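Only heavy atoms go into these numbers, but all of them, side chains included; no hydrogens, no water, no symmetry mates. What you see is a predicted model, and the numbers here were worked out from it, not measured in a lab.
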Amino acid sequence: MHAWLCETLDGVAALKWKALPTPEPQAGEVRIAIKAASLNFPDLLIVEGKYQFKPALPFVPGAEYAGTVEAVGAGVQHVKPGDTVAAIAGTGGFATHACVKAAQVLPLPPGFDVVHAAAFAFTYGTSHHALVDRAQLQAGETVLVLGAAGGVGTAALQIAKAMGARVIAAASTAEKCALCTELGADATINYSSENLREALKTLTQGRGPDVVYDPVGDALAEPAFRSIAWRGRYLVVGFAGGAIPALPWNLALLKGASVVGVFWGDFVKREPQASAAALQQLAQWYGQGKVRPVIDQRLPMAQIEAAYARMASRQVRGKLILVND
Ligand SMILES: NC(=O)c1ccc[n+]([C@@H]2O[C@H](COP(=O)([O-])OP(=O)(O)OC[C@H]3O[C@@H](n4cnc5c(N)ncnc54)[C@H](OP(=O)(O)O)[C@@H]3O)[C@@H](O)[C@H]2O)c1
């Protein structure tokens, strides 16, 4: 097998494509021949030691991938060689093969595209947990999605629409806003050229959004929180913009608003049954065409550096995929 090995925390340029012994799955493990792996923002952070999960060196990055089961270890019941599966393992995906714990392997329902499967659970799982579980979003409410053309952003937009909410999608370019309109956004705001607060006032007749979905943080957080509606819920999803914002607490008091943390990885570990039920609903919505990953580009696995550069420079629309031929 071959894999992009991270031996030092010096970023993507230090990753090395290495030939490694193909591992035999141990008891409770599954070996997967990887067809596609998607890039998630944490993949950028993890190779610089900036992500909350810090695997021991050396490791293979790539949190989410899909492919075919080649072999299973003792005790593995729910998948068998030849099955098409997705895996959310935190690491291991930027390779030709991976051995992974069986609990992290999901068999695909019939009709589920393998490339979509490599780009699904991380972003849709996060956005479902955020909107359905943490924000308790109701049909008819208004959601503001920041970074709405990105991975978790496009998932949040589609999920909010599937729940009957009104979606205001906000992004940094006209092209990204146009993509959000194509995906069903009711209104868009280009926050590079428009004043976020003024645009939100106009679009909500001064009420503000009931829910703010924020994977960006940085300078967008304060104007977005100042705009929130009475009893609003502000979802803290991530800080792709760089800085972790600090907000004046009186803003929460004045709006009777909640700041709500979202940590999908721990939700999956701490509440496996609730997480499985969420993924089941998402798979059903996928089957009904209500949610569908937006594929930005498919690049050969060899082009990992170009893939990372595209995400770091905010060019990715939806999900970027690395494929093995
Ligand atoms: N809490 C959780 O459980 C959880 C789970 C998954 C991901 N996350 C977090 O969610 C965030 C987004 O992840 P993702 O995989 O969706 O990433 P992504 O596809 O790259 O989307 C991030 C978006 O952030 C915006 N952005 C603003 N400033 C940026 C900058 N300096 N560099 C890069 N992007 C910038 C971009 O939109 P514009 O250009 O339109 O501004 C971009 O589309 C990350 O912080 C990630 O760690 C959290």
Side-chain heavy-atom pair [X], [Y] within 4.5 angstrom cut-off:
| X | Y | answer |
| --- | --- | --- |
| Cys177 | Asn190 | yes |
| Gln158 | Tyr286 | no |
| Leu57 | Thr8 | no |
| Ile32 | Val100 | yes |
| Ile189 | Ile168 | yes |
| Leu322 | Ile304 | yes |
| His129 | Val262 | yes |
| Leu15 | Val47 | yes |

Mark yes or no for whether Asp214, through its side chain, and Val216, through its backbone, hold a donor-acceptor pair below 3.5 Å. yes

Relative to the ring of Phe120, is the ring of Phe112 parallel (under 30°), tilted (30 to 60°) or perpendicular (over 60°)? perpendicular

CZ of Arg298: more than 12 outside heavy atoms within 6.0 angstrom? no

Would you say Lys101 has more than 12 foreign heavy atoms packed within less than 6.0 Å of its NZ? no

Spacing of [X] atom [atom1] and [Y] atom [atom2] [to the nearest 0.5 Å]:
| X | Y | atom1 | atom2 | result |
| --- | --- | --- | --- | --- |
| Glu70 | Asp83 | CD | CG | 13.0 Å |
| Phe239 | Phe41 | CZ | CZ | 11.5 Å |
| Leu131 | Tyr213 | CG | OH | 6.5 Å |
| Tyr124 | His116 | OH | NE2 | 8.5 Å |
| Ser227 | Glu198 | OG | CD | 9.0 Å |

Name the residue from Arg314, Lys319, Arg310, Lys176 that meets the salt bridge (charged side-chain N to carboxylate O under 4.0 Å, His left out) definition with Asp296. Arg310

